[in-house]
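Chain letters run A, B, ... following the sequence lines, proteins first, then strands; residues in each count from 1. Quick caveat, the model's predicted, so the values are computed rather than measured.
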There are 2 protein chains.
Amino acid sequence: MLSILPVRDTLDVIGGKWKILILISIMEGNHHFREIERSIPNLSTKVLSDQLKDLETNQLISRSVSNGFPVRTAYTLTEHGKTLQKLILEMHNWGVLHRKKIIQ
Amino acid sequence: MLSILPVRDTLDVIGGKWKILILISIMEGNHHFREIERSIPNLSTKVLSDQLKDLETNQLISRSVSNGFPVRTAYTLTEHGKTLQKLILEMHNWGVLHRKKIIQ
DNA sequence: GTAATCAGTTACTTCAAGGTAAGTGGTTAC
DNA sequence: GTAACCACTTACCTTGAAGTAACTGATTAC
């Protein structure tokens, strides 16, 4: 008997059009704002900014600003964010399976 | 290097507010239209009807109509639909973990 | 014969996620 | 000193998912 709330919580956090893409981009080594932006086609600065705030609020990523000049911000996965990796891999694998099934 | 498309495919199929809830309801033994509708609070007939069509298009559920009277429709998971169970369980588990982390 | 149930459809509205475009304030390269 | 880059913000607009409400057509119970 699965209760519904936890699954909805998960979708709130990683659902939508961009959140998973941004997480994957950071996982793959893109840590700066423009770097992440350039790595994901059609992602606007406004949407990226909004989504990064959401991800930070949910403690999946952390934002740090270097004290030196030029000031550079760096986004990294938190330990909590890293617990998503297995789930993202599962979603990837199921997506591949599904595409094979549907497109044939 | 995870490509983005498969994860997006997965979200297209199980994302949104209702699809996973409907799948879980069917998994738990609700097979008739009104049965599914009653099992999920605040779900309207129109939305249920739309979502069931989507799920059928994606070959996750199948719709069968009994030849006898009264005509009853039955929605069941396909074999392909059953491959989602592991992923849904993962989403459930991560949701529980996340709620602990955020709400404390 | 009328009230209720099943399995939906149709027409219309609302709303939040996402998109567009321009601007801000600082730094660096030449 | 001006052009370009970094890291955004602000204001406004668009669109599609979801919600509301009423209706359909068949069957069954009383």
[atom1] of [X] versus [atom2] of [N]: gap in Å, rounded?
X      : N       : atom1 : atom2 : value
H32(A) : dA7(D)  : NE2   : P     : 7 Å
D54(A) : dA16(C) : CG    : P     : 14 Å
D12(A) : dA16(C) : CG    : C1'   : 13 Å
E37(A) : dC5(D)  : CD    : P     : 13 Å
F33(A) : dC6(D)  : CZ    : P     : 11 Å
K53(A) : dG18(C) : NZ    : P     : 15 Å
R72(B) : dT28(D) : CZ    : P     : 12 Å
L55(B) : dG8(C)  : CG    : C1'   : 16 Å

Check your understanding: Pairs in or reaching into residues 4-26 of chain B: which pass salt bridge (charged side-chain N to carboxylate O under 4.0 Å, His left out), with residues at least two apart or in two chains?
Key ->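 Found R99(A)-D9(B), K19(B)-D54(B).
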Could I get a table of every N or O pair under 3.5 Å where one atom is in the protein and the other is in nucleotides 14-18 of chain D?
from	atom 1	to	atom 2	distance (Å)
dA18(D)	OP1	K17(B)	N	2.8
dA18(D)	OP2	Q51(B)	NE2	3.2
dA18(D)	N7	K46(B)	NZ	3.4

Exercise for review: Over all heavy atoms of both residues, which pair between Q85(B) and L77(B) is shortest? Give the atoms and the distance, please.
Suggested key: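 What the structure gives for the nearest pair is NE2-CD1, 4.4 Å.
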Point to revise | Nearest heavy-atom neighbours spanning L87(B) and I14(B) | key: CD2-CD1, 3.9 Å
Check your understanding: Can you find a pair of side-chain heavy atoms, one from L97(A) and one from N93(A), that are under 4.5 Å apart?
Key -> no
**Study point:** Under-4.0 Å salt bridge between E56(A) and K53(A)
**Key:**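 Looking at E56(A) and K53(A), the cut-off is not met.
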Check your understanding: Does the pair K82(B)/E79(B) count as a salt bridge with the N-to-O cut at 4.0 Å?
Key ->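 Between E79(B) and K82(B) there is a salt bridge, with a charged N closer than 4.0 Å to a carboxylate O.
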Study note, to complete from the structure: Closest of dC6(C), dT9(D), dC8(D) to the Y75(A) side chain is dC8(D)
Review point. With respect to the side chain of T45(A), which nucleotide from dA7(D), dG8(C), dT9(D) is positioned closest?
Key: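 Of the candidates, dT9(D) comes closest.
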Review point. By ring-ring contact (aromatic ring centres under 6.0 Å, His included), which residues pair with H32(A), not counting sequence neighbours?
Key: none
**Study point:** Phosphate OP1/OP2 of dG19(D): any S44(B) side-chain N/O under 4.0 Å
**Key:**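 False: S44(B) side-chain N/O out of range (4.0 Å or more) of dG19(D) OP1/OP2.
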Check your understanding: Are any of R38(B)'s side-chain N or O atoms less than 4.0 Å away from OP1 or OP2 of dT5(C)?
Key ->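 No.
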